[in-house]
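Because the structure is predicted, anything quoted here is derived from the model rather than measured.
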Amino acid sequence: MGEDRRGVLYPQRLPEFHRVPPRAGLEHAVRWFWIPEWRLAEGEESRQELLPFPACNIVVEPEGAIAVDPATQRSERVLTGSGWAVGALLRPAAVPTLAPDPAAIRDAARPVDDPGLLADVTRAMSDPSASGRERRERAVARLSHWIAERVPAPGSPEEGDGAIANRLAEALADPALTRVDQLPDRLHVSARTLQRVAERFFGLSLHSMIRRRRIQEGAERLREHTGLGIADLASELGYADHAHFTTDFKRLLGVTPSEYRQRARD
């Protein structure tokens, strides 16, 4: 699995971070599991800034389990001390079951009331006799089992529009997709159906998700291609001009493309 980190705005700040692919049979429900672990010296902090994927997550931390997002803007978290989290980046097909009405938790979270899940994942991540790999594998196995028990299997009658939603997510991740009107022909689904699926499975409009992906792509290109001109990048991303790209970029990230490139370099 490729390490897609377009949503991480400053990758060099990441603590110890692991991504684990879903087990066979769970690919329709989970894109990947993610596990950060950190142990910082007293007075030290790690500031994490994200422009998250337009998706929901199930996250287990020592303080509890929550369903998170979909985010509509940049988010920030400052890490101190020591800690861990075990998260599952959900595919859209899993959202109606695990995070119903995603529009209601935009830029927020709701508790997942399952003391057994919290206890099992905490036990796995806190086992002093296990290696780091073993701890992570056990935690992911427990969260995988919990998700598999709740999300309809691929092709089942209960899956409904989930397959369309997953295909939509794959299309939205493609940098070549720059406009909503490209989607119906690509997916062989009507625009009305796609709008309905977007609302139910993502909690976001099609236009906002395409704009998010373009800004994620733009941020990654600014970090990794220091000689790329911003006007050229705007054109590649499907913007009419430099000014339109800069306006969108600053609205979501709070800085201009030039300012972001300098911060990422520093």
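Atom CZ of Arg123 sits about 14.0 Å away from atom CE of Met125, to the nearest 0.5 Å. With rounding to the nearest 0.5 angstrom, the CD1 atom of Ile58 is 9.0 Å from the CD1 atom of Ile66.
Within the cation-pi definition used here (under 6.0 Å to the ring centroid, within 45° of the axis), Arg19 qualifies as a partner of Trp32. A cation-pi contact, defined as under 6.0 Å to the ring centre and within 45° of the axis, is absent between Arg263 and Tyr10.
Residues satisfying the salt bridge (charged side-chain N to carboxylate O under 4.0 Å, His left out) criterion with Glu49, sequence neighbours excluded, are Arg13, Arg74. For Arg133, the salt bridge (charged side-chain N to carboxylate O under 4.0 Å, His left out) partners are Glu137, not counting sequence neighbours. By the salt bridge (charged side-chain N to carboxylate O under 4.0 Å, His left out) test, Arg142 pairs with Asp120, sequence neighbours left out.
A salt bridge is defined here as a Lys NZ or Arg NE, NH1 or NH2 lying under 4.0 Å from an Asp or Glu carboxylate O, and Glu16 with Arg39 fails to meet this definition. Between Arg150 and Asp114 there is a salt bridge, since a side-chain N of the basic residue sits under 4.0 Å from a carboxylate O of the acidic one. Using a cut-off of 4.0 Å between Lys/Arg side-chain N and Asp/Glu carboxylate O, Arg47 and Glu45 are scored as salt-bridged.
The hydrophobic cluster of Ile105 has no other members, since no ILVMFWY side-chain heavy atom comes under 4.5 Å of it. Grouping Ile, Leu, Val, Met, Phe, Trp and Tyr residues whose side-chain heavy atoms lie under 4.5 Å apart, directly or via other members, places Leu40 in a hydrophobic cluster with Trp38, Leu79.
Judged purely by distance below 3.5 Å, without hydrogens or angles, the side chains of Gln216 and Arg213 never pair a donor atom with an acceptor atom. Under 3.5 Å, the side chains of Ser46 and Glu44 contain no donor-acceptor pair of N or O atoms.
For residues 95-113, the pairs satisfying side chain to side chain donor-acceptor pair (under 3.5 Å) are Thr72-Asp107, with sequence neighbours left out.
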